[in-house]
Amino acid sequence: MILMISNSFRRGAVALGIAVLTITTGCSAPAGDDDSATSIVVGAYPFEFVATRVAGDHATVTNLLAPGSDGHDLELSPQQVAAVSNADLVLYQSGYQAALDEAVEQQSPANVLDTASFLTLRTAAEDDDHDADDADDDHEADEHGGYDPHVWLDPTNVAEIADHTAQLLSQLQPENADAFTANAQQLRSELTSLDADFASGLANCRTNTFITSHTAFGYLAARYGLDQVGISGLSPEEEPSPARIAQVQQIATERDVTTIFYETAVSPKVSQAIASDLGLATDVLDPIETLSSDSRGSDYIEVMNSNLDSLRKANGCQ
Ligand SMILES: [Zn+2]
């Protein structure tokens with residue numbers, strides 16, 4: 001398995017298919033070491049994006065999260081737990097998906113790269129605009145052990161994840177180390193450009209406040225000097241209280257907010273109802289936990305650019 005050849009991707013994919021078939025028919029024999037490709041397992045799209053970009057054809061990447069579903073509520077089938085168990089590498093953010101945390105702990109895959117081990121995490125309490133809210137500060141804290149897991153919404157974090165992924169893959173496949181390093185560097189240059197576009201695009205705006213149903217954008221807000229205001233607490237689909245709606249209305253008026261943001265993976269009905277009550281527009285701000293046919297772009301960088309366009313329009317940026 002360590003002796004990789006660059007065109008082994010296709011054979012690896014076939015081998016993986018056989019392994020999965022074996023598992024589904026009830027045979028408990030472990031996947032053999034003759035897999036011709038390194039298998040990387042992830043639980044959400046941003047990690048799939050990084051793994052695919054860095055590994056190129058030298059690995060197969062399996063994303064456990066179905067497109068368009070809620071990343072936080074990931075549930076794993078027995079086959080998916082087996083995929084974690086058999087993975088050469090699991091790339092993930094601990095504290096984000098309880099099911100994956102548990103599978104990693106119990107299955108002990110060969111290699112684990114937990115992005116929480118090298119990124120600077122924000123606490124959930126830092127994420128919401130301070131004077132905007134009390135009710136929903138505890139949401140992410142309850143779910144995620146006090147840290148905001150949405151690290152990928154700061155592009156510089158994605159570049160860090162790419163570098164660490166390249167380092168780990170280089171240990172697994174030393175013969176392809178140069179390719180992994182080059183791929184990570186190429187990705188870093190694209191992310192640096194994206195970061196610069198965000199910084200300049202959001203530098204001169206009528207307002208720096210944005211209102212969103214899902215408070216996933218703490219890292220983005222911190223990076224680019226924005227104030228994130230969350231509408232509802234426990235779940236993006238939960239009806240906010242009348243008191244909360246009144247608070248949001250006051251903030252929107254005081255800070256010249258034009259738009260209530262919602263995300264593609266969750267029903268927009270709460271955001272739309274509030275926007276309608278307040279006479280505001282709605283638009284999509286995508287936390288990019290999944291990529292689907294509803295996404296405004298075909299990869300992380302394109303969807304982030306769509307997010308930038310939406311923020312610039314909503315906030316009156318020049
Ligand atoms: Zn989220």
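Note that this is a predicted model, so its numbers are computed, not measured. Just follow the structure's listing: the first ligand is 1, and inside any ligand the first atom is 1.
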Opening angle between NE2 in His214 and NE2 in His72, taken at the Zn ion (ligand 1), to 10 degrees: 100°
Residues forming a ring pair (Phe, Tyr, Trp, His ring centres under 6.0 Å) with Tyr45, sequence neighbours excluded: none
With Tyr92 via ring pair (Phe, Tyr, Trp, His ring centres under 6.0 Å) - residues at least two apart: none
Verdict with reasoning, Tyr219 to Trp152, per ring-ring contact (aromatic ring centres under 6.0 Å, His included): CA-CA 8 Å; Tyr219 292 89; Trp152 56 86; 8.4 Å; no
Atom name of the N, O or S atom in His150 that lies nearest to the Zn ion (ligand 1): NE2
N, O or S of Glu289 under 2.8 Å from the Zn ion (ligand 1): yes
Parallel, tilted or perpendicular: rings of Phe118 and His164 (30°, 60°): parallel
